[in-house]
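These notes are about the structure you will find just below.
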Amino acid sequence: MRKYIGEIGLIITAIIWGSGFVGSAVALEYYTPYQILAGRFLIGVLILGIVFNKRLKTIKKSTFIKGSILGIFLYIAFALQTVGLQYTTPSKNAFLTAINVVIVPFIGLVIYKKKIDIFELGGAFMAIIGVAVLSLKFSSEVNVGDLLTLCCAVGFAFHIFYTSKFVKDEDPIQLTIIQMMAAAVIGCLFVVFKGETTFSTQTEGLIPLLYLAVFSTTIAFLLQTVAQKYITETKAAIILSTESFWGMAFSVAILSEVMTVKMGIGAILILGAIVLSETKLSFLKKKQVTGMLERWDDGV
């Protein structure tokens, strides 16, 4: 089981993020996008600070710097995704965000001359095709929302890549706390700058906001950071791309959305991408070797 701790942690993260689509839809009826971002990160850092208060005393300078970098990437990506959604369709927003899965391996190649695993790259492209089939309503029109969302995908790609890089040498819990703190500070500054300091206190709005803060932010990002200590950045991006699959599943289960053949094909492609990157088709190689041995035995 320890061998797959990274995979399990990221699958749980993707499931939580998938469920967050419903929470975000409800919360947006009571808060602005920037209020939601500030709220979820602020609540997240408060929870982590209380639960792991002893770790705050031992945070190193390097952890603070790296965590702050992750927090900046995180907030920029979320903000671009949120603003982009105001000018494009939700399906395009989800698809273009998921493009981060094919950007991640090329960050390592271009910046650090890291070789690309052909199976992980193949899985990345299969995942993005699956997300396209699952969520995209095809149209040739490109607008400012699409471009902003594409920039958001770059931000998430850098966040995933550098999480994998930084967590190798730093405490994952401390990294999570610092990145939440950095994102919360930026989020609060944006809220003040935009003059959105009046918050709704209606229970119907607070419940989904708390869900986003506790589960989609605190628990999910803590799981992601810890899990990426045990898995490559490209494989992490592929598994996290199943967020769209789980979002579909929760929409069907909770919002009574109709399941279509198109959704099923997209889901199969995404799950196939995980199998390809995880197994590198080793089971086929084993079958080939077994077949050769059997033929050799028959010949003898």
Side-chain angles (χ1 to χ4, degrees), residues 4 6-15 17-18 70 73-74 77 80-81 84 91-136 138 146-147 149-168 220-221 223-225 227-248 262-285:
Y4 298 106
E7 287 86 344
I8 294 170
L10 291 176
I11 288 173
I12 295 173
T13 299
I15 292 173
W17 283 349
L70 292 179
F73 280 138
L74 188 61
L80 287 170
Q81 183 186 44
S91 60
K92 264 192 177 183
N93 188 264
F95 167 69
L96 292 171
T97 299
I99 286 179
N100 73 74
V101 74
V102 294
I103 298 174
V104 169
F106 289 102
I107 293 175
L109 176 66
V110 173
I111 300 179
Y112 297 100
K113 310 300 179 185
K114 183 178 179 179
K115 291 183 179 180
I116 297 177
D117 184 295
I118 190 65
F119 291 102
E120 291 187 354
L121 183 62
F125 277 102
M126 185 182 291
I128 201 63
I129 293 171
V131 173
V133 173
L134 185 68
S135 63
L136 191 59
F138 294 94
D146 299 330
L147 296 176
T149 308
L150 191 58
C151 291
C152 126
V154 176
F156 279 123
F158 272 95
H159 179 264
I160 292 171
F161 180 85
Y162 279 104
T163 295
S164 284
K165 185 173 177 62
F166 293 160
V167 81
K168 297 293 188 295
F221 281 106
L223 276 172
Q224 180 197 352
T225 308
Q228 283 198 239
K229 195 177 184 73
Y230 305 95
I231 194 171
T232 67
E233 61 273 9
T234 302
K235 196 178 290 183
I238 292 171
I239 295 175
L240 290 174
S241 73
T242 63
E243 171 190 2
S244 57
F245 165 77
W246 295 109
M248 173 207 71
K262 183 170 169 281
M263 287 178 175
I265 294 173
I268 291 170
L269 285 169
I270 293 172
L271 296 177
I274 296 176
V275 172
L276 178 61
S277 64
E278 185 66 38
T279 66
K280 304 185 190 299
L281 301 182
S282 57
F283 57 91
L284 293 179
K285 295 176 185 177

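The shown structure was predicted, so the numbers you read here are calculated from the model rather than taken from an experiment.
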Plane angle bin for Phe158 and Phe73 - parallel if under 30°, tilted between 30 and 60°, otherwise perpendicular: parallel

Nearest-0.5 Å distance that lies between atom CG in Leu240 and atom NZ in Lys235: 13.0 Å

Donor-acceptor contact below 3.5 Å, side chain Lys229 vs main chain Val167: yes

Heavy-atom pair of closest approach, residues Ala273 and Ala127: CB-N, 3.6 Å

Minimal non-hydrogen separation, Ala77 against Gly155, with atom names: CB-C, 3.9 Å

Check: Ser164 main-chain N/O paired with Lys168 side-chain donor or acceptor under 3.5 Å: yes

Evaluation steps, side-chain contact (heavy atoms from CB on, under 4.5 Å), between Leu223 and Leu10: CA-CA 7 Å; Leu223 276 172; Leu10 291 176; over 6 Å; no

Shortest non-hydrogen separation from Pro105 to Ile116 and the atoms involved: O-CG1, 3.9 Å

Between OG1 on residue Thr163 and CZ on residue Phe221, distance to nearest 0.5 Å: 9.0 Å

Near-ring test Phe161/Phe166, centroid separation under 6.0 angstrom: no

Exercise: identify the closest heavy-atom pair between Val104 and Ala237: CG2-CB, 3.9 Å

Spatial distance of atom CG (Leu70) from atom CD1 (Ile160) [nearest 0.5 Å]: 11.5 Å

Minimum-distance pair of heavy atoms, taken over all atoms of Gly130 and Leu269: CA-CB, 3.6 Å

Smallest separation among heavy atoms of Leu276 and Gly123, with atom names: CD2-N, 3.5 Å

Full working for side-chain contact (heavy atoms from CB on, under 4.5 Å) between Ile99 and Thr149: CA-CA 10 Å; Ile99 286 179; Thr149 308; over 6 Å; no

Derivation of the side-chain contact (heavy atoms from CB on, under 4.5 Å) call for His159 and Asn100: CA-CA 10 Å; His159 179 264; Asn100 73 74; over 6 Å; no

Exercise: do Thr232 and Glu120 side chains pair donor with acceptor under 3.5 Å: yes

Between CD on residue Gln81 and CZ on residue Phe156, distance to nearest 0.5 Å: 4.5 Å

Residue pair Glu233, Tyr162: steps toward the side-chain contact (heavy atoms from CB on, under 4.5 Å) verdict: CA-CA 8 Å; Glu233 61 273 9; Tyr162 279 104; over 6 Å; no

Value rounded to 0.5 Å, distance of OG1 in Thr234 from CZ in Phe106: 9.5 Å

Within 45° cone and under 6.0 Å: Lys165 NZ/CZ vs Tyr112 ring: yes

Thr242 side chain near Ile11 side chain, heavy-atom distance below 4.5 Å: no

